[in-house]
There are 2 protein chains.
Amino acid sequence: MSELQQLPARQGRAVALKAGQSIRIVNTHGHQVVDTWAFNAHDLGEFLSMEHMRAAIDRISPKPGDKLVTNKRRPILSLEADSSPGVHDTFIAACDIYRYQGLGCKEYHENCADNLRAGMAGLGLTPSEVPSPLNLWMNIPIKTDGSIGWEEPVSKPGDYVVLKAEMDCIVAMSACPQDIVKINAGAPTDAHYEVLA
Amino acid sequence: MSELQQLPARQGRAVALKAGQSIRIVNTHGHQVVDTWAFNAHDLGEFLSMEHMRAAIDRISPKPGDKLVTNKRRPILSLEADSSPGVHDTFIAACDIYRYQGLGCKEYHENCADNLRAGMAGLGLTPSEVPSPLNLWMNIPIKTDGSIGWEEPVSKPGDYVVLKAEMDCIVAMSACPQDIVKINAGAPTDAHYEVLA
């Protein structure tokens, strides 16, 4: 597994990591949001939780060195490295069929919630639910009046993060297919990942 | 039910609302956080979801007039009135046994997650999970560097919010028992509520 794998545009993948292994997720073209989840490999009901993580790190978004915790407040991942400016979102739900219906889509639109399910299914697994994801490179600025923006990523081609498994876990990723709201600069693309020993 | 009910300090309660009814939740002593949840009365797997709500209202916290949506992006509550300065939290998980263990408690500590379960049990119900709550009056400022604070409420005694049911729902509330971190000014108290026709 120690070679670069494709995370195809608009699709999802999942990989099993042993505690101590790391995964490097690459924003190959620089403007792609990657929704990311992690589940305890031995209990899919325990998973990376944004609302517990924020309380644990006392920040709205993680920085290198931070331990990211589950809904049982146990570290499941740590953010080892981030070559990008560190603009990631922890506030916004994965896009889903309801989101695209609300945006006016009459036909099925690929979405991160279904991509999570498809990625996990590739390992023969079913997620316990669709937790709020760690949205790598998603740029949701908070303005002084409490309103939020939906902006393009500020990352550059080849930027990456390295996430280390703090327990045996399943990491799932979706190359976000959002092409209506401009969070992927209007053009969803491939990303890549590799498992590091 | 159209009279003021006690939400005892450190405890939880739940009430069933028909679509069109409202609940007024009162911060009787002015410095009490009330964790608040809402579940579709006919499908407890559908519930008020902070990460979907933020995307729907384009804000980090609701204002009067906002419709608050579920994990299926359907309105379940609307915020009809807020006599307080409007400082409420949508980022932080309900406190739970793991939180108090992490804060050094060796014995059981009352917590909002168990209060949700107890409040729902009072209606013979079991929540499908512990969703991230709408933390009324919880003051978690975001600083310019992305770090968060844990501050005392800025509300005054008697401040209230009115939430209108947009579907038949169960509203659960916990008078947050947090007495280590200073979010309740160190002194958890009663709050009150009343159902409005």
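Keep in mind that the numbers below use all heavy atoms, side chains included, and drop hydrogens, waters and symmetry copies. In what follows, chains are A, B, ... by sequence order, proteins preceding strands, each numbered from 1.
Residue Q101(A) does not touch chain B at all, counting heavy-atom pairs closer than 4.5 Å. With a 4.5 angstrom heavy-atom cutoff, I92(A) touches chain B via backbone and side-chain atoms both. A113(A) does not touch chain B: none of its heavy atoms, backbone or side chain, sits under 4.5 Å away. For I142(B), the part sitting under 4.5 Å from any heavy atom of chain A is the side chain, from C-beta outward, and nothing else. Looking at R74(A), there are no atoms closer than 4.5 Å to chain B (heavy atoms on both sides), in backbone or side chain.
Atom OG in S132(B) sits 7.5 Å away from atom NE2 in H52(A) (nearest 0.5 Å). With values rounded to the nearest 0.5 angstrom, I60(B) atom CD1 is found 9.0 Å from D145(A) atom CG.
Judged by distance alone, the side chain of R54(B) and the main-chain N or O of F91(A) form a donor-acceptor pair under 3.5 Å.
Between R73(A) and C95(B), the closest heavy-atom pair is NH2-CA, 3.8 Å.
Linking Ile, Leu, Val, Met, Phe, Trp and Tyr whenever their side-chain heavy atoms come within less than 4.5 Å puts W137(A) and V171(A) in one cluster. Under the 4.5 Å side-chain heavy-atom criterion for ILVMFWY residues, a single connected hydrophobic cluster contains both L134(B) and Y193(B). Grouping the Ile, Leu, Val, Met, Phe, Trp and Tyr side chains by contacts below 4.5 angstrom, directly or via other members, places I148(B) with I180(B). By the rule that hydrophobic residues join a cluster once side-chain heavy atoms approach within less than 4.5 Å of another member, I140(B) and W37(B) end up as members of separate clusters. Criterion: ILVMFWY side-chain heavy atoms under 4.5 Å apart, direct or through other members. Under it, I23(A) and L44(A) are not part of a common hydrophobic cluster.
The candidate from K143(B), E51(B), M50(B) with the greatest count of non-hydrogen atom pairs under 4.5 Å with chain A is E51(B). Highest contact tally toward chain A, considering only S61(B), S147(B), G146(B), is held by G146(B) [criterion: heavy-atom pairs under 4.5 Å]. Among G149(A), A93(A), A94(A), the residue with the largest count of heavy-atom pairs under 4.5 Å with chain B is A93(A).
We find that K72(B) and D96(A) are not joined by a salt bridge, their nearest charged nitrogen and carboxylate oxygen being 4.0 Å or further apart.
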Check the pair V69(B), Y98(A) against side chain to side chain contact (heavy atoms under 4.5 Å, CB included), reporting the backbone distance first and the verdict last.
-> CA-CA 11 Å; V69(B) 304; Y98(A) 312 109; over 6 Å; no
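Atom OH of Y160(A) sits in a sparse spot, with 12 or fewer heavy atoms from other residues, nucleotides or ligands closer than 6.0 Å. For K156(B), the NZ atom sits in a packed shell: over 12 heavy atoms of surrounding residues, nucleotides or ligands are nearer than 6.0 Å.
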